[in-house]
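Below: the structure, in structure tokens.
Both backbone and side-chain heavy atoms feed into the values below; hydrogens, waters and symmetry mates do not. The first residue in the sequence is number 1, and the count goes up from there.
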Amino acid sequence: MNGKLLDTNVLVRLFNGDKKITDYLSKQNDIRLSSISLGELLFGAEKSQRTEENKNKAIAFFSRYNLYETSEEVAAEYGKIKSALLKSGNPIPENDLWLAAVAKANDFAIVTQDKHFKKISNLSIIEI
């Protein structure tokens with residue numbers, strides 16, 4: 001495993017001051033972030049009452065990390081994952097498919113509270 005990719009729900013909990021998340025992250029040195037999660041957070045900020053404050057918080061946090069984005073390898077993983085899930089009748093939200101593809105393509109564990117990631121074979125998951 002080359003790192004721990006944070007799911008957007010973990011980031012939301014972090015930004016809301018969840019002590020369990022802040023304690024966990026304070027002990028990690030291999031945190032990874034995706035532009036997919038940044039997009040989800042910016043979307044949430046646009047819908048919020050405090051749009052600018054929430055956008056600035058997300059951008060400032062993400063600016064401290066190298067972002068993992070889509071690539072040919074990520075796209076290939078996405079295709080495999082989505083196909084397998086559809087064949088088994090177990091689709092998951094689209095952005096989570098992309099996050100899983102980023103994780104698999106880069107040999108990351110995904111840090112999440114979403115149970116549906118368990119439907120993806122050979123994906124390392126850290127539930128928090």
Side-chain angles (χ1 to χ4, degrees):
M1 181 179 59
N2 292 324
K4 298 174 182 86
L5 181 68
L6 301 185
D7 187 7
T8 309
N9 58 44
V10 172
L11 291 162
V12 168
R13 289 172 59 195
L14 173 68
F15 292 161
N16 287 331
D18 185 314
K19 183 164 174 32
K20 183 176 180 181
I21 300 297
T22 56
D23 289 348
Y24 173 80
L25 293 178
S26 71
K27 299 172 186 155
Q28 307 304 313
N29 62 0
D30 57 351
I31 295 300
R32 307 291 186 255
L33 299 175
S34 171
S35 58
I36 296 155
S37 290
L38 177 58
E40 287 186 300
L41 290 171
L42 293 175
F43 169 67
E46 290 293 340
K47 298 185 322 178
S48 75
Q49 299 282 340
R50 300 183 319 264
T51 300
E52 289 306 311
E53 177 185 339
N54 290 333
K55 282 171 46 177
N56 291 337
K57 185 186 293 187
I59 290 168
F61 182 80
F62 274 72
S63 71
R64 301 186 329 229
Y65 296 87
N66 291 324
L67 294 186
Y68 288 84
E69 303 190 22
T70 58
S71 65
E72 191 172 326
E73 285 180 288
V74 171
E77 287 294 341
Y78 168 87
K80 290 177 196 174
I81 294 167
K82 186 165 184 171
S83 176
L85 290 174
L86 288 177
K87 285 178 186 172
S88 68
N90 290 309
I92 68 172
E94 198 70 22
N95 284 340
D96 287 344
L97 286 170
W98 282 108
L99 286 172
V102 168
K104 286 187 78 166
N106 292 286
D107 192 30
F108 299 152
I110 191 153
V111 181
T112 187
Q113 67 183 40
D114 287 335
K115 304 258 185 253
H116 58 242
F117 282 106
K118 291 180 181 179
K119 298 175 184 178
I120 301 170
S121 63
N122 300 316
L123 177 65
S124 296
I125 302 167
I126 299 169
E127 289 186 77
I128 188 165

Worksheet entry | S37 side-chain N/O to D7 backbone N/O, donor-acceptor pair under 3.5 Å | no
Discussion item. Membership question, hydrophobic clusters at under 4.5 Å side-chain separation (ILVMFWY): are I92 and V102 in the same one?
Written reply: yes
Worksheet item: For I31 and L6, what are the C-alpha separation, side-chain angles and deciding distance, and is it a side chain to side chain contact (heavy atoms under 4.5 Å, CB included)?
Response: CA-CA 7 Å; I31 295 300; L6 301 185; 3.7 Å; yes
Worksheet item: In this structure, which one of L14, D96, T112 forms a side-chain contact (heavy atoms from CB on, under 4.5 Å) with N9?
Response: T112
Fill in: Under 3.5 Å: donor-acceptor pair, side chain of D18, backbone of K20
yes
Worksheet entry | Hydrophobic cluster identity match, V12 and F62, side-chain contacts under 4.5 Å | yes
Item to complete: May I ask you to test the N95-L99 pair for a side-chain heavy-atom distance under 4.5 Å?
Response: no
Discussion item. As an exercise, state the distance from CG of L33 to OG1 of T8, rounded to the nearest 0.5 Å.
Written reply: 9.5 Å
Worksheet item: What's the spacing between K119 NZ and H116 NE2 if we round to 0.5 Å?
Response: 7.5 Å
Worksheet item: Does CZ belonging to R50 count more than 12 external heavy atoms closer than 6.0 Å?
Response: no
Item to complete: List the atom of L41, the atom of A58, and the distance in Å for their closest heavy-atom pair.
Response: CB-CB, 4.2 Å
Fill in: side chain to side chain contact (heavy atoms under 4.5 Å, CB included) evaluation trace for I81 with L123
CA-CA 10 Å; I81 294 167; L123 177 65; over 6 Å; no
Discussion item. On a heavy-atom basis, which atom in V74 and which in E69 lie closest, and how many Å separate them?
Written reply: CG2-O, 3.8 Å
Worksheet item: Taking the six-membered ring for Trp, are F61 and F15 parallel (under 30°), tilted (30 to 60°) or perpendicular (over 60°)?
Response: perpendicular
Worksheet, complete the sentence: d(S63 OG, L38 CG) to nearest 0.5 Å is 10.0 Å
Fill in: Within-4.5 Å side-chain heavy-atom neighbours: E53 and S48
no
Worksheet item: Donor-acceptor pair, R13 side chain versus Q113 backbone, under 3.5 Å?
Response: no
Fill in: Flag side-chain contact, heavy atom, 4.5 Å: I120 against I110
no
Worksheet item: Would you say K104's side chain and S121's backbone share a donor-acceptor pair under 3.5 angstrom?
Response: yes
Practice prompt. Examine I59 and I36 and state if one hydrophobic cluster contains both, with Ile, Leu, Val, Met, Phe, Trp and Tyr joined whenever side-chain heavy atoms are less than 4.5 Å apart.
Written response: no
Worksheet item: Taking atom CG of L42 and atom CD of E40, what is their separation to the nearest 0.5 Å?
Response: 10.5 Å
Discussion item. For K55 versus A45, what's the shortest heavy-atom pair and its separation?
Written reply: CG-CB, 3.4 Å
Worksheet item: Taking all non-hydrogen atoms of both residues, which atom of S88 and which atom of L85 are closest, and how far apart?
Response: OG-O, 3.1 Å
Discussion item. Looking at Y65, I'd like to know if its OH atom is crowded, meaning that more than 12 non-hydrogen atoms belonging to other residues, nucleotides or ligands lie closer than 6.0 Å.
Written reply: yes
Discussion item. Would a single hydrophobic cluster contain both Y68 and L25, if residues Ile, Leu, Val, Met, Phe, Trp and Tyr are joined by side-chain heavy-atom contacts under 4.5 Å?
Written reply: no
Response to the item:
What one should report as the nearest heavy-atom pair of A109 and M1 is CB-SD, 3.1 Å
Fill in: Check: S26 side chain, D23 main-chain N or O, donor-acceptor pair, under 3.5 Å
yes
Response to the item:
Output for pair (T51 OG1, N56 CG), nearest 0.5 Å, gives 10.5 Å
Item to complete: Check whether any side-chain heavy atom of I126 lies under 4.5 Å from a side-chain heavy atom of Y24, and answer yes or no.
Response: yes
Worksheet entry | Rounded distance (nearest 0.5 Å) linking atom CG of L11 with atom CG of N16 | 11.0 Å
Practice prompt. Say whether W98 and F108 are linked into one hydrophobic cluster, either directly or through other cluster members, by side-chain heavy-atom distances under 4.5 angstrom.
Written response: yes
Worksheet, complete the sentence: Between N2 and N106 the two heavy atoms that sit nearest each other are ND2-O, 3.2 Å
